[in-house]
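Chain letters run A, B, ... following the sequence lines, proteins first, then strands; residues in each count from 1. None of these values were measured; they are calculated from a predicted model.
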4 protein chains.
Amino acid sequence: MVMTEKQENILHAALELFAEQGYAATSTSKVAKAAKVSEGLIFRHFKNKEGLLAAIFEMVAEKTKAVLADIVMTTDAKQVIEKILELPFSIDPNDYRMWRLMYAMKWQTQSYSTEKMEPVKMAAKNAFVKLGYKNPDAESELLLMLLDGAATAILLHEPEDKEAVLIALKGKYKH
Amino acid sequence: MVMTEKQENILHAALELFAEQGYAATSTSKVAKAAKVSEGLIFRHFKNKEGLLAAIFEMVAEKTKAVLADIVMTTDAKQVIEKILELPFSIDPNDYRMWRLMYAMKWQTQSYSTEKMEPVKMAAKNAFVKLGYKNPDAESELLLMLLDGAATAILLHEPEDKEAVLIALKGKYKH
Amino acid sequence: MVMTEKQENILHAALELFAEQGYAATSTSKVAKAAKVSEGLIFRHFKNKEGLLAAIFEMVAEKTKAVLADIVMTTDAKQVIEKILELPFSIDPNDYRMWRLMYAMKWQTQSYSTEKMEPVKMAAKNAFVKLGYKNPDAESELLLMLLDGAATAILLHEPEDKEAVLIALKGKYKH
Amino acid sequence: MVMTEKQENILHAALELFAEQGYAATSTSKVAKAAKVSEGLIFRHFKNKEGLLAAIFEMVAEKTKAVLADIVMTTDAKQVIEKILELPFSIDPNDYRMWRLMYAMKWQTQSYSTEKMEPVKMAAKNAFVKLGYKNPDAESELLLMLLDGAATAILLHEPEDKEAVLIALKGKYKH
DNA sequence: AATGAATGAGGCTTCATTCAT
DNA sequence: GATGAATGAAGCCTCATTCAT
């Protein structure tokens with residue numbers, strides 16, 4: 001989607017505020033003020049407060065596509081698992097806000113589902129099959145849990161020694 | 001805290017609605033209606049919408065104390081880890097809503113911190129020290145991540161074969 | 001419907017403003033100001049701007065019931081026609097605003113229909129049958145048209161010699 | 001007034017929407033969309049939303065002039081009355097929307113007056129004088145009322161047997 | 001303790017209108 | 001002539017909270 005400068009200002013202001021205060025607790029007027037545009041403009045470009053959120057979701061999907069595709073395309077089983085494990089540890093700190101918003105929104109009932117990760121889960125399962133794990137279904141489920149837990153920890157309190165945690169984590173998959 | 005019946009009605013209605021629609025998106029009037037009390041009563045008993053949330057948090061703390069204490073009091077290292085791992089898998093489904101609210105609130109900046117888990121983390125670290133793990137700090141951090149990830153998965157989409165996942169999970173701590 | 005004083009203030013202010021400026025062109029804030037209440041109160045009592053209008057309609061229906069019933073209950077054919085003809089000429093000037101609003105609303109598509117007059121039309125038809133008119137259907141239709149036309153003229157520009165007009169009008173039904 | 005095609009599109013869209021939803025309830029943006037032109041163009045051509053309405057009024061005046069002139073120019077008294085009576089029954093159904101708008105606008109205080117009909121009223125009065133009616137003033141007033149009533153009925157609910165009603169109506173003026 | 005009428009601030013959205021292109 | 005981005009005021013409505021009863 002091509003965007004004017006003001007449209008991008010709105011989107012970024014919204015992302016920032018939604019991530020920090022929550023979607024419901026952020027008023028469109030606050031977004032407008034932060035983006036330095038008139039409140040009306042938000043609605044001309046995004047139709048709705050919800051449309052604004054949807055635009056953010058789309059932006060995230062766009063940004064994520066490449067890295068998820070890379071995982072799904074990887075053929076070496078060990079590498080697949082390693083890449084998934086590394087995922088949360090390699091989030092660009094500039095994108096923390098964005099991900100905090102995504103994770104926060106997961107808890108809103110009417111929110112967009114996590115089915116985006118389905119292909120990754122499949123890739124993980126295949127990898128576990130190849131590696132001869134006993135229960136590939138449970139293992140892939142577990143791996144995604146791990147990914148979620150790690151991302152949560154990183155986004156919420158940025159653990160002191162991320163490197164060490166990643167090493168410990170990888171250790172669990174060295175038999 | 002001793003509560004009248006209406007107080008409890010309010011508290012339960014609030015918990016239910018906050019968990020389902022989010023704290024900010026739930027109006028006190030909706031809570032009043034759901035609890036079948038007048039709008040004013042909420043403020044007489046809990047002073048604030050925030051006070052209502054605080055009361056819920058207190059209730060949760062009360063409910064959690066026992067089980068966390070049990071972990072901290074456990075002396076056998078292997079058992080400590082096992083008990084922590086089992087934690088999310090043994091949540092009473094009646095309490096799902098409650099925990100969903102807790103997890104959702106974590107992402108709100110002005111929200112109450114997760115320092116409640118600090119003692120558990122310490123217990124885990126001690127256990128890893130006893131068991132001779134190379135990096136007990138990273139390991140305990142990782143264990144709490146796991147706990148978070150598992151809880152998230154269970155609360156959000158209730159995985160099909162929880163038993164198998166728990167077994168796979170415990171497998172990671174059998175060397 | 002029992003009403004508090006403020007409720008009545010709102011209703012009257014709304015009637016006045018809707019009649020003078022039109023329903024769509026009257027803002028709820030103007031109504032609140034005219035009624036000297038907070039804007040929110042309108043919505044507590046009437047739910048909607050539309051609910052406010054509906055309440056006015058109900059009030060009008062209440063006020064009109066008696067006089068319409070009187071016509072329908074009249075057995076003498078000539079009297080029925082005379083009473084219908086007199087209807088617009090005997091509107092209480094205090095009710096002009098009310099009726100102006102009713103007539104204005106007739107032109108709004110989504111508005112309440114004129115089926116309230118159906119019983120009156122039936123009564124007229126019966127009267128014309130009794131009196132041996134050739135086409136009672138057309139005659140009753142015409143009578144209601146007359147009623148409408150007269151009411152419109154009276155409400156919109158208050159003709160100089162109403163008495164004379166009424167006499168001329170009655171003259172049309174003396175054969 | 002000479003008009004470009006787009007100007008005409010705007011005018012017709014406005015007429016349609018104003019007639020169906022009311023002037024105040026129709027936004028200029030809806031008009032623009034219906035006319036398939038940009039929002040700005042309305043203001044370039046008609047200056048105002050009000051200017052748009054004024055242009056419609058002018059168009060109507062233009063359309064009406066001929067038929068009203070015909071009545072005023074008629075010398076035979078009986079024919080004058082007959083032509084006036086026939087007026088509402090001979091409205092081109094294609095013009096119903098237009099007339100609905102005109103009649104709806106009559107009830108708005110700040111709206112254009114009905115003095116357009118003054119010459120017709122005069123013609124009627126003269127006719128009644130010629131025919132020796134007792135009170136020509138009241139009779140002409142009454143005749144215009146009738147015209148209004150008939151037009152209202154036709155525009156609002158299109159009576160089933162218009163022909164019969166017209167005959168009944170004419171009957172009132174055959175002594 | 002309990003109600004629900006009342007408030008005023010603020011929420012989301014639409015509006016008429018302007019202006020750079 | 002024509003577009004559509006941009007504005008700020010206003011519109012309808014909901015909110016948290018207070019208060020008289």
Q: Charged N to carboxylate O under 4.0 angstrom, D:Lys106 versus D:Asp148?
A: yes
Q: To the nearest 10°, let me know how far the axis at one end of the helix from E:dA2-F:dT21 to E:dT21-F:dA2 is tilted from the axis at the other, five pairs an end.
A: 0°
Q: For F:dT7, does either OP1 or OP2 sit under 4.0 Å from a side-chain N or O belonging to A:Ser38?
A: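 Result: yes.
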Q: In whole angstrom, what separates C:Ile10's CD1 from F:dC13's P?
A: 14 Å
Q: Report which part of the nucleic acid D:Ser27 touches: base, sugar-phosphate, or nothing (heavy-atom distance under 4.0 Å, all strands).
A: sugar-phosphate
Q: How many Å lie between CD on A:Glu39 and P on E:dC12, as a whole number?
A: 7 Å
Q: Separation of B:Leu41 atom CG from E:dA5 atom P, in whole Å?
A: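 So the two atoms are 16 Å apart, to the nearest Å.
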Q: Using heavy-atom distances to pick each residue's nearest nucleotide on DNA chain F, tell me which of D:Arg44 and C:Asn48 is more 5'.
A: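 Closest to the 5' end, via its nearest nucleotide, is D:Arg44.
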Q: For B:Phe43 and F:dA20, what is the distance between atoms CZ and P respectively, to the nearest whole Å?
A: 17 Å
Q: When you look at C:Trp99 and C:Ile154, which way does the side-chain contact (heavy atoms from CB on, under 4.5 Å) test go after all the steps?
A: CA-CA 10 Å; C:Trp99 286 109; C:Ile154 287 166; over 6 Å; no
Q: Which sits closer to the 5' end of DNA chain E, C:His45 or D:Ser29, going by the nucleotide each is nearest to?
A: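 That would be C:His45.
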Q: Is the number of heavy atoms from other residues, nucleotides or ligands within 6.0 Å of CD (C:Glu158) greater than 12?
A: yes
Q: Rounded to the nearest 0.5 Å, how far apart are CD of B:Glu50 and CZ of B:Phe57?
A: 10.0 Å
Q: Which residue, B:Gly40 or D:Lys6, contacts DNA chain F at a nucleotide closer to its 5' end, judged by nearest heavy atom?
A: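 Nearest nucleotide further toward 5': that of D:Lys6.
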Q: Roughly how many Å is it from NZ in A:Lys49 to P in E:dT14, rounded to a whole number?
A: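 Atom NZ in A:Lys49 sits about 15 Å away from atom P in E:dT14.
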Q: Within the side chain of B:His12, is there an N or O that forms a donor-acceptor pair under 3.5 Å with the backbone of B:Glu8?
A: yes
Q: If I take atom CZ in residue C:Phe18 and atom C1' in nucleotide F:dC12, what distance separates them, rounded to the nearest angstrom?
A: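 Going from C:Phe18 (CZ) to F:dC12 (C1'), I get 12 Å.
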Q: Mind calculating the distance between NZ (C:Lys47) and C1' (E:dA5) to the nearest angstrom?
A: 18 Å
Q: Whole Å only: how far is the CG atom of A:Leu52 from the P atom of E:dT13?
A: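 In whole Å, E:dT13 P lies 10 Å from A:Leu52 CG.
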Q: Distance alone, cut at 3.5 Å: any donor-acceptor contact between the side chains of B:Gln108 and B:Tyr23?
A: no
Q: Are there over 12 heavy-atom neighbours, none belonging to C:Lys33, within less than 6.0 Å of that residue's NZ?
A: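 For C:Lys33, atom NZ is not crowded (no more than 12 foreign heavy atoms under 6.0 Å).
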Q: Starting at the 5' end of DNA chain E and moving along, which residue's nearest nucleotide shows up first, A:Ala24 or B:Thr4?
A: B:Thr4
Q: Of all the nucleotides listed (F:dA2, E:dA2, F:dC12), which has the minimum atom distance to the side chain of C:Thr28?
A: F:dC12
